[in-house]
Amino acid sequence: MPLKYQAPRGTRDLLPEEIGRWQWAEARARGVLERYSYAEIRTPEFEEFDLFARTSGETSDVVQKEMYRFRDLKGRDLALRPEGTAGVCRAYLERNLAARGRVHKLWYLGPMFRYGRPQKGRFRQFFQVGAEIIGTPAAAADVEMVTLFVDLFRAWGFAGLTVALNSVGTPATREEYARRLREWLAPVRERLSADSQKRLEVNPLRVLDSKDEGDRALLEGRAGAGGALPRMLDVLDPESRAHWEQVLAGLAALDVRCEIDHGLVRGLDYYTRTAFEVHDRSLGAQSALGGGGRYDGLIEALGGPPTPGVGFSIGLDRVLLALEDRAVTPPAAAPRVFVAGMEETHAEVAALARALRAEFVVDYDFEARSLSTQLKAADRGGARVAVLLGAEEWGRGEVLLRDLATKAQRAVPRGEIAAQLRAMLGSAPEVSAR
RNA sequence: GUGGAUGUAGCUCAGCCGGUAGAGCACUGGACUGUGGCUCCAGGUGUCGCGGGUUCGAACCCCGUCAUCCACCCCA
């Protein structure tokens, strides 16, 4: 069909039939976050372009080619947020949250925007839920972050996901590591893929997670690059190493299963020390469900005092995509009541429905169609009970209550409708059960 | 941003070397304005993604464009 308007590329409509899954996932997340004692924060969906350029790194792909950047009518240089951390840290500084207590535990949920080529699990507008602990360098905060991270996935019903964990040290150790890596790769440089040769110039650490098979063979030493591949963990400064050991010990004490991944590098420049992420194989190429880590230099880079932070974000679109393949019970639909009128009583339907709506989920037919059509509509709408306003019964001050599943039907005095419905439907149902 | 595949009814899909719209399901109304799921009848089921070109003639061939999917890049 030749439609004049389509949703912009990479965006989509979430229709009523799938909204239930989203609300369920969001409610689950909210519950876990609140029990962990995190406070929700909502920041603007667009910010000054420079905020993201500064925090993500001028040379990062996100800033270079994936930003929805625009000027407003006054010429301000703005961008739709590509991630959540920058805005939260900006708010922390601008609203001086530090004055209300040193450590803040915050969470957010909302749409993010990146201009990439869409594919399965990658959209230009997508939703993230994330959490941050700002104000403490303690390894215990890293431990809680990873724990909260896995508990969210558990609340959604994931089983057997493994968190990949690494330390990316400090900017100085990263530089040292990049130097060693470059050195190590120098002899085989010509044999690296074209992409990786470019990475070696721009961001050597990126070579580590190349998907090219030849690259992988070289990295794993099978192609004879000689000597063991240098590891990030081997070049950590003493403080970062101690921090790393504490994180590992803390996670072990809580029985949180992690796998050390020496190739784990984060895409954004502001990460320091702990880095973690989780993937799901059912998703194809875009398999990252979420990731996070420590960002001790970020707030200072925004012009604030040196303030440590640690956080993560999770892609909700991908979570729901991965959950499609699994047996997830959708939230139970609220039991519904359908009020059906006859020729003589149609005028009474709206008022009765409105009264019952104080307590029940109630619907009726706007068009006063035949009784059989109304019952058909009641069926399709998922109603469990029909309230039939028969002319004769109505005249006696009664209505008929019909159980649509069993077809059992009986006359009930008008004053007892609510009580009878309560009995039939089970105690007062919540509109959004679960 | 790069490479490849695919766009026909609301959905899932047919349509031989170019010859003038198809099936199932769903949907709407009626048979049936005092009783729903069944059945029957009647029906929208459509500029064959959009634009241009070749041709007497294009759903089919060519070019462009938009969208989706897959992979790369990157990431959630």
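Sequence lines set the chain letters: A, B, ... in the order given, protein chains first and strands last, and positions in each chain run from 1.
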Now, which nucleotide makes the Watson-Crick or G-U wobble pair with [N], with each of the two distances under 3.5 Å?
| N | value |
| --- | --- |
| B:G22 | B:C13 |
| B:A5 | B:U68 |
| B:C48 | none |
| B:C32 | none |
| B:C61 | B:G53 |
| B:C27 | B:G43 |
| B:C74 | none |

Side chain of [X] only, please: which of [options] is the nearest?
| X | options | result |
| --- | --- | --- |
| A:Arg199 | B:C69, B:C73, B:A76 | B:C73 |
| A:Ser313 | B:C73, B:G36, B:A76 | B:A76 |
| A:Arg380 | B:A67, B:G37, B:C27 | B:C27 |

Closest-nucleotide ordering on RNA chain B, the 5'-leading residue of A:Phe123 and A:Thr11: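 Result of the comparison: A:Thr11.
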Rounded to whole Å, how long is the line connecting atom [atom1] of [X] with atom [atom2] of [N]?
| X | N | atom1 | atom2 | result |
| --- | --- | --- | --- | --- |
| A:Glu66 | B:G1 | CD | P | 11 Å |
| A:Gln6 | B:A67 | CD | C1' | 5 Å |
| A:Leu200 | B:C73 | CG | P | 16 Å |
| A:Gln119 | B:G3 | CD | P | 15 Å |
| A:Asp280 | B:C75 | CG | P | 19 Å |
| A:Arg124 | B:C74 | CZ | P | 18 Å |
| A:Arg117 | B:A71 | CZ | C1' | 10 Å |
| A:Glu83 | B:C74 | CD | P | 18 Å |

Lys/Arg cation over aromatic A:Phe123: A:Arg12, 6.0 Å, 45° cone: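 Yes, a cation-pi geometry.
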Quote, to the nearest angstrom, the [atom1] distance that separates [N] from [M].
| N | M | atom1 | answer |
| --- | --- | --- | --- |
| B:U45 | B:G24 | P | 15 Å |
| B:C25 | B:C16 | C1' | 28 Å |
| B:C61 | B:G19 | P | 11 Å |
| B:G4 | B:C62 | P | 15 Å |
| B:U20 | B:C48 | C1' | 13 Å |
| B:G44 | B:C38 | C1' | 25 Å |
| B:G15 | B:A9 | C1' | 15 Å |
| B:A14 | B:A21 | C1' | 12 Å |

Heavy atoms of other groups near A:Arg257 CZ, more than 12 under 6.0 Å: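 Not buried by this count: 12 neighbours or fewer within 6.0 Å.
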Heavy atoms under 4.0 Å, any strand shown: does [X] hit a base, just sugar-phosphate, or nothing?
| X | answer |
| --- | --- |
| A:Asp317 | nothing |
| A:Gly121 | base |
| A:Arg12 | nothing |
| A:Gly84 | nothing |
| A:Lys65 | base |

Thinking salt bridges, do [X] and [Y] make one under a 4.0 Å N-O criterion?
| X | Y | result |
| --- | --- | --- |
| A:Arg28 | A:Glu26 | no |
| A:Glu359 | A:Arg422 | yes |
| A:Arg414 | A:Glu398 | no |
| A:Glu144 | A:Lys105 | yes |

Polar side-chain contact A:Arg122-B:C74 base: donor and acceptor under 3.5 Å: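 Under the 3.5 Å cut-off, the side chain and the base do form a donor-acceptor pair.
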Show each protein N/O and nucleotides 30-35 of chain B N/O combination with a separation under 3.5 Å, one pair to a line.
from: B:C32; atom 1: O2; to: A:Ser372; atom 2: OG; distance (Å): 3.4
from: B:U33; atom 1: O2'; to: A:Glu343; atom 2: OE1; distance (Å): 3.3
from: B:G34; atom 1: O6; to: A:Ala391; atom 2: N; distance (Å): 3.0
from: B:G34; atom 1: O6; to: A:Glu392; atom 2: N; distance (Å): 3.0
from: B:G34; atom 1: N1; to: A:Glu393; atom 2: OE1; distance (Å): 2.9
from: B:G34; atom 1: N1; to: A:Glu393; atom 2: OE2; distance (Å): 3.4
from: B:G34; atom 1: N2; to: A:Glu393; atom 2: OE2; distance (Å): 2.9
from: B:U35; atom 1: O2; to: A:Arg402; atom 2: NE; distance (Å): 3.2
from: B:U35; atom 1: O2; to: A:Arg402; atom 2: NH1; distance (Å): 2.9
from: B:U35; atom 1: O2; to: A:Gln409; atom 2: OE1; distance (Å): 3.3
from: B:U35; atom 1: N3; to: A:Gln409; atom 2: OE1; distance (Å): 3.0
from: B:U35; atom 1: N3; to: A:Gln409; atom 2: NE2; distance (Å): 3.1
from: B:U35; atom 1: O4; to: A:Gln409; atom 2: NE2; distance (Å): 2.7

Exercise: do A:His346 and A:Asp365 side chains pair donor with acceptor under 3.5 Å: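 Their side chains do not contain a donor-acceptor pair, so the 3.5 Å distance test is not met.
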side-chain hydrogen bond (donor to acceptor under 3.5 Å, both in side chains) between A:Ser196 and A:Asp215, intermediate numbers included: CA-CA 8 Å; A:Ser196 284; A:Asp215 291 350; 2.6 Å; yes
Test log, rule side chain to side chain contact (heavy atoms under 4.5 Å, CB included), inputs A:Phe149 and A:Val256: CA-CA 10 Å; A:Phe149 189 68; A:Val256 175; over 6 Å; no
Worked verdict on A:Gln374 versus A:Tyr364 for side-chain hydrogen bond (donor to acceptor under 3.5 Å, both in side chains): CA-CA 8 Å; A:Gln374 290 183 74; A:Tyr364 62 91; over 6 Å; no
